[in-house]
Number of protein chains: 2
Amino acid sequence: MHPMTRRDVFQAIADPTRREIITLISRQPLNLNAVAGNFDMSRQAISLHIKILRECGLILIQQEGRDRYCSIQPKKLAEVADWVEPFRNMWEERFDRVDLILKNLKTKKMVGKNKQNKLNKPKK
Amino acid sequence: MHPMTRRDVFQAIADPTRREIITLISRQPLNLNAVAGNFDMSRQAISLHIKILRECGLILIQQEGRDRYCSIQPKKLAEVADWVEPFRNMWEERFDRVDLILKNLKTKKMVGKNKQNKLNKPKK
DNA sequence: TATTTGTGCAAGCATTTGCTTGCGCAAAAC
DNA sequence: GTTTTGCGCAAGCAAATGCTTGCACAAATA
């Protein structure tokens with residue numbers, strides 16, 4: 001695990017163990033060993049997951065003596081919610097609307113063949 | 001890339017390229033080459049990403065002759081929204097509520113030391 | 001019919017990821 | 001003061017990931 005690579009919140013929640021950690025400490029802040037007690041892997045593995053979550057801003061760690069209490073920073077998950085939100089309108093629409101779009105596709109038949117449809121994206 | 005490994009929707013959207021593909025084809029269905037034209041990597045790399053998205057149910061592919069049109073299946077993203085939703089209440093609360101929780105933590109001081117706090121989870 | 005286009009299969013490679021184990025340091029408990 | 005506990009550092013390893021390149025097949029086009 002490369003310590004210099006920062007991950008975004010999407011990469012942080014991609015792992016099921018990390019999602020479970022988030023759920024766990026959202027109920028109440030826990031120290032690291034208390035979190036680790038709920039999993040079947042080594043304490044160090046959980047420590048590494050928590051490090052990833054802390055680095056991308058999903059959890060906050062407060063040290064008290066030798067204990068490090070992890071608590072959720074839920075606002076970071078707004079980034080995920082914000083990304084998903086535009087698609088919500090689509091999955092809440094009726095299916096026949098999607099059919100209509102596909103029918104329009106058949107009559108036009110040009111999107112795949114039009115080589116000028118690139119987004120305005122600068123080359124590397 | 002192991003073809004037999006199925007990924008869940010969280011793993012599918014962890015990659016920024018795949019999120020961009022999802023955004024692109026949500027505007028209108030595109031064939032694979034039209035999608036690839038928006039990126040600076042090989043067409044085959046895009047093909048592999050689209051395969052991942054199809055396998056976890058995020059996009060639907062409809063073949064017309066040799067063209068394969070990719071369209072979004074937004075309902076699958078409801079899984080992400082459903083997971084994020086319980087945290088929304090937390091990030092929409094006022095910050096002092098979080099402070100209160102932390103103050104309670106200081107007075108109790110037992111969560112980390114209580115070895116009986118494991119979830120009801122069967123051992124492997 | 002020949003050529004072009006769309007696109008998947010496969011191999012190869014470098015990087016990233018997830019985990020274990022051993023060790024060591026600091027703080028709490030005895 | 002000694003022992004126990006919490007927990008990060010580091011190395012090592014296997015698996016997963018993302019990408020490129022070459023090739024081949026099917027459908028569309030000329």
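Below, chains carry the letters A, B, ... as their sequence lines are ordered, and counting in each starts from 1.
Both A:A14 and B:R68 lie close to DNA chain C; mapped to their nearest nucleotides by heavy-atom distance, the more 5′-ward contact belongs to B:R68. Comparing A:Q11 and B:I61 against DNA chain C, the residue whose closest nucleotide sits nearer the 5' end is B:I61.
C:dA27 atom P lies 15 Å from atom OH of A:Y69, rounded to whole Å. What separates CD1 of A:I46 from C1' of C:dG18 is a distance of 11 Å, to the nearest Å. In this structure, B:E20 atom CD and D:dG18 atom C1' are separated by 16 Å, rounded to whole Å. What separates CG of A:L30 from P of D:dC7 is a distance of 11 Å, to the nearest Å. Whole-Å rounding puts the A:F10 CZ to D:dG18 C1' distance at 19 Å. The distance from atom CZ of A:R54 to atom C1' of D:dC7 is 12 Å, rounded to the nearest whole Å. Distance A:L32 CG to C:dC25 C1': 16 Å, rounded to the nearest Å. In this structure, CD1 of A:I52 is placed 13 Å from P of D:dC9, rounded to the nearest angstrom.
Side-chain atoms of B:A45 lie closest to D:dT20 of the nucleotides C:dG18, D:dT20, D:dT17. Comparing C:dG18, C:dT20, C:dT7 by their closest approach to the side chain of A:S42 singles out C:dT20. In this structure, of C:dG18, D:dG8, C:dT7, it is C:dG18 that holds the atom nearest to the side chain of A:D15. In the set C:dC19, D:dG18, D:dT20, D:dT20 carries the atom at the smallest distance from any side-chain atom of B:M41. Distances were taken from every side-chain heavy atom of B:L48 (C-beta onward) to each of D:dC19, C:dG8, C:dT20; the shortest belongs to D:dC19.
The side-chain hydrogen bond (donor to acceptor under 3.5 Å, both in side chains) test applied to B:E79 returns B:K76, not counting sequence neighbours. Legend: residues meeting side-chain hydrogen bond (donor to acceptor under 3.5 Å, both in side chains) with B:Q44, ordered by chain and number and at least two apart, are absent. With sequence neighbours excluded, the residues that form a side-chain contact (heavy atoms from CB on, under 4.5 Å) with B:R19 are A:D8, A:F10, A:W83, B:I13, B:P16. Residues that satisfy the side-chain hydrogen bond (donor to acceptor under 3.5 Å, both in side chains) test with A:R54, not counting sequence neighbours, are absent from this structure. A:R68 pairs by the side-chain hydrogen bond (donor to acceptor under 3.5 Å, both in side chains) definition with nothing, not counting sequence neighbours.
Taking both residues in full, the closest heavy atoms of B:N31 and B:Y69 are given as N-CD2, 3.6 Å, listed atom of the first, atom of the second, then distance. Here the closest heavy-atom approach between residue B:A12 and residue B:R18 is recorded as O-NE, 2.6 Å.
The side chain of A:R18 places no N or O atom within less than 4.0 Å of a non-bridging phosphate oxygen (OP1 or OP2) of C:dC19. Regarding contacts with the backbone of D:dT17, every side-chain N or O of B:H49 stays at 4.0 angstrom or more from both OP1 and OP2. For B:N33 and C:dT7, the shortest distance from a side-chain N or O to OP1 or OP2 is below 4.0 Å. Using a 4.0 Å cut-off, some side-chain N or O of A:K51 falls inside it from OP1 or OP2 of D:dC9. The side chain of B:S47 places no N or O atom within less than 4.0 Å of a non-bridging phosphate oxygen (OP1 or OP2) of C:dT7.
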Pairs under 3.5 Å (N/O, protein and nucleotides 24-27 of chain D):
unit_1, atom_1, unit_2, atom_2, d
D:dA27, O3', B:R66, N, 3.4
D:dA27, N3, B:R66, NH1, 3.2

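With hydrogens and angles left out, the side chain of A:Q44 and the base of D:dC9 share a donor-acceptor pair within 3.5 Å.
Using a 4.5 Å heavy-atom cutoff, the side chains of B:C70 and B:L30 are not in contact.
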